[in-house]
Amino acid sequence: NTIDLEKEFQRKLDAEEKIEPKDWMPDDYRKTLIRQISQHAHSEIVGMLPEGNWLTRAPSLRRKVAALAKVQDEAGHGLYLYSACETLGVERDDLLDQLHTGTAKYSSIFNYPTLTWADMGAIGWLVDGAAIMNQVPLCRCSYGPYARAMVRVCKEESFHQRQGYEIMLSLCKGTPEQKAMAQDALNRWWWPSIMMFGPNDADSPHTAQSMNWKIKRFTNDELRQKFIDATKPQADILGISIPDPDLKWNEKTGHYDFGAINWDEFWAVVKGNGPCNKERLATRKKAYENGAWVREAALAHAEKRKKKSAA
Ligand code: 3HC
């Protein structure tokens with residue numbers, strides 16, 4: 001009965017055993033995983049768009065190859081995550097419908113424009129850097145398929161972060177104009193990157209429960225702080241400054257103090273009023289419609305093969 005099932009679920013959590021698709025799980029645990037994993041998948045797919053803008057404009061073949069590989073990786077991350085989500089009993093088309101109709105969220109960060117090549121460096125360095133901070137703990141998430149998908153994603157994410165940082169390093173060692181481009185990109189991407197971690201813990205409706213269920217291993221504020229502490233020294237090596245006059249080392253806490261985050265901007269972007277929200281969703285819907293013939297052909301082919309093997 002349900003009491004025993006709940007006890008077994010809690011025992012597994014306490015014993016750090018993974019919850020697998022066929023295991024009993026509380027409805028709310030299933031619901032919050034579907035919510036988080038599907039939005040994570042949407043973020044990966046929409047996340048291809050800002051960088052896609054620079055594939056034909058990369059300054060060298062080497063940069064183009066690295067950018068192509070990164071965008072392809074994001075597509076793969078999206079597919080792992082939609083597959084992990086389907087193990088919870090949802091249909092991929094329904095998830096995509098939620099994205100296209102605006103009922104599902106995706107990461108706020110992808111609603112900002114990529115104005116110069118330096119943005120490709122800032123995205124790899126900061127956005128993938130933030131994603132790594134958030135995704136490494138997810139490798140220890142209590143839900144098996146999600147945790148296992150994250151192991152592969154994190155390996156590829158560290159390549160993304162390194163190639164981004166290297167772009168920034170080349171620019172900062174380049175001409176004064178190139179260094180100014182890098183500084184301009186840091187100015188535009190810093191605050192949206194630290195907003196990626198979500199609202200402050202006090203304003204986060206899901207964090208406490210997600211920590212109890214060992215979906216989250218750290219809170220939004222803890223991960224944000226880890227990211228800031230790790231990134232500030234990297235900006236010092238680049239010789240460019242983080243656009244926060246209140247950012248300063250706090251000897252007592254052993255962390256960087258930092259300025260107030262503009263939560264009005266965050267919620268405006270999350271609610272669909274960021275610089276590129278409409279364009280991003282329109283592009284995704286168009287890609288989905290243009291790809292309908294591929295899906296139909298694949299299904300028709302699979303049908304034919306099934307009939308052939310049944311004959
Ligand atoms: N963008 C959009 N919505 C956000 C957000 C953000 N940066 N941060 C929080 N939200 C939303 C939440 O989804 C939630 O809304 P919902 O109830 O409708 O889903 C609401 O704001 C309250 O936030 P909470 O912090 O209470 O919600 P969560 O516990 O779900 O925490 C999260 C938010 C930290 C983003 C968590 O969902 C998470 O860790 N998700 C998985 C990782 C992820 O999505 N990473 C970012 C994008 S992936 C990426 O960067 C790809 C890389 O390759 C570049």
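Worth saying up front: this structure is predicted, and the values here are computed from it rather than measured. Counting starts at 1 for both ligands and their atoms, following the listed order.
In summary, the side chains of Asp221 and Gln225 do not present any donor paired with an acceptor at a separation below 3.5 Å, with no hydrogens or angles considered. A donor-acceptor pair shorter than 3.5 Å cannot be found between the side chains of Trp249 and Asp257. Using modelled atom types, one finds a donor on one side chain and an acceptor on the other under 3.5 Å when comparing Tyr82 with His42. Of the N and O atoms on the side chains of His255 and Asp229, at least one donor lies less than 3.5 Å from an acceptor on the other residue.
In this structure, the protein non-hydrogen atom closest to atom 22 (C) of ligand 1 is Pro205 CD, 3.7 Å. At the top of the distance list for atom 20 (C) of ligand 1, counting protein heavy atoms only, stands Trp267 CH2, 4.1 Å. Atom 51 (C) of ligand 1 has its closest protein heavy atom at Glu44 OE1, 3.3 Å. Scanning the protein heavy atoms around atom 42 (C) of ligand 1, the nearest turns out to be Asn134 OD1, 3.1 Å. Nearest protein neighbour of atom 3 (N) of ligand 1, counting heavy atoms only, is Lys105 CD, 3.7 Å. Atom 5 (C) of ligand 1 has its closest protein heavy atom at Phe266 CZ, 3.7 Å. Summary of contacts: the protein heavy atom closest to atom 35 (C) of ligand 1 is Met196 O, 4.3 Å. Looking at atom 38 (C) of ligand 1, its nearest protein heavy atom turns out to be Gln36 NE2, 3.4 Å.
On a distance-only criterion, Arg35 and ligand 1 share at least one N/O pair closer than 3.5 Å. Checked by distance only, ligand 1 and Pro199 stay at 3.5 Å or farther apart across all their nitrogen or oxygen atoms. Of the N or O atoms in Glu74, one or more lie within a sub-3.5 Å distance of an N or O in ligand 1. Backbone and side-chain nitrogen or oxygen atoms of His77 are examined, and none is located within less than 3.5 angstrom of a nitrogen or oxygen of ligand 1. The shortest N/O to N/O separation between Glu157 and ligand 1 falls below 3.5 Å. Residue Ser204 has at least one N or O atom closer than 3.5 Å to an N or O atom of ligand 1.
Atom CG of Asp27 sits in a sparse spot, with 12 or fewer heavy atoms from other residues, nucleotides or ligands closer than 6.0 Å. Environment of NZ in Lys226: sparse, with no more than 12 heavy atoms of neighbouring residues, nucleotides or ligands closer than 6.0 Å. Remark: Arg295 CZ is packed, more than 12 non-hydrogen atoms of other residues, nucleotides or ligands lying under 6.0 Å away.
Within ligand 1, the atoms closer than 4.0 Å to a non-hydrogen atom of Gln39 are 13 (O), 19 (O), numbered from 1 in the order shown. Every atom of ligand 1 with a heavy atom of Val270 under 4.0 Å away is listed here by number and element: 2 (C), 3 (N). The contact set between ligand 1 and Gly198, taken as ligand atoms under 4.0 Å from a residue heavy atom, comprises 8 (N), 9 (C). The contact set between ligand 1 and Met195, taken as ligand atoms under 4.0 Å from a residue heavy atom, comprises 7 (N). Per-residue contacts place Tyr146 under 4.0 angstrom from the following atoms of ligand 1 (heavy atoms of the residue considered): 41 (C).
Side-chain atoms of Thr87 come within 3.5 Å of backbone atoms of Ala84 as a donor-acceptor pair (strictly under, hydrogens ignored). Distance alone, capped at 3.5 Å, places no donor-acceptor pair between the Thr231 side chain and the Ile228 backbone.
Within the 4.0 Å heavy-atom criterion, both parts of His40, backbone and side chain, lie near ligand 1. Residue-level proximity to ligand 1 for Asn220 is carried by the side chain, the only part with a heavy atom below 4.0 angstrom. Of the heavy atoms in Tyr106, only backbone atoms (N, CA, C, O) come closer than 4.0 Å to ligand 1. For Phe218, no heavy-atom contact with ligand 1 is shorter than 4.0 Å. When heavy-atom distances to ligand 1 are checked against a 4.0 Å cut-off, Ser43 comes that close only through its side chain, counted from C-beta outward.
Note on Lys70 versus Asp128: salt bridge recorded, some NZ/NE/NH1/NH2 to OD/OE distance being below 4.0 Å. A salt bridge is absent between Lys286 and Glu289; no separation between the charged side-chain nitrogens and carboxylate oxygens falls under 4.0 Å. Between Glu166 and Arg63 there is a salt bridge, since at least one side-chain N of the basic residue sits less than 4.0 Å from a carboxylate O of the acidic one. Checked for salt-bridge contact, Glu16 and Arg217 meet the test: a charged N lies under 4.0 Å from a carboxylate O.
Comparing Gly47, Gly129, Ser108 by heavy-atom distance to atom 1 (N) of ligand 1, the nearest is Ser108. Residue nearest to atom 31 (O) of ligand 1, selected from Met133, His206, Lys216, Met48: Lys216 (by heavy-atom distance).
Taking CZ of Arg280 as the start and CE of Met48 as the end, the distance is 12.5 Å to the nearest 0.5 Å.
When each of Asn212, Thr219, Asn220 is checked for a side-chain hydrogen bond (donor to acceptor under 3.5 Å, both in side chains) with Lys216, only Asn220 meets the rule.
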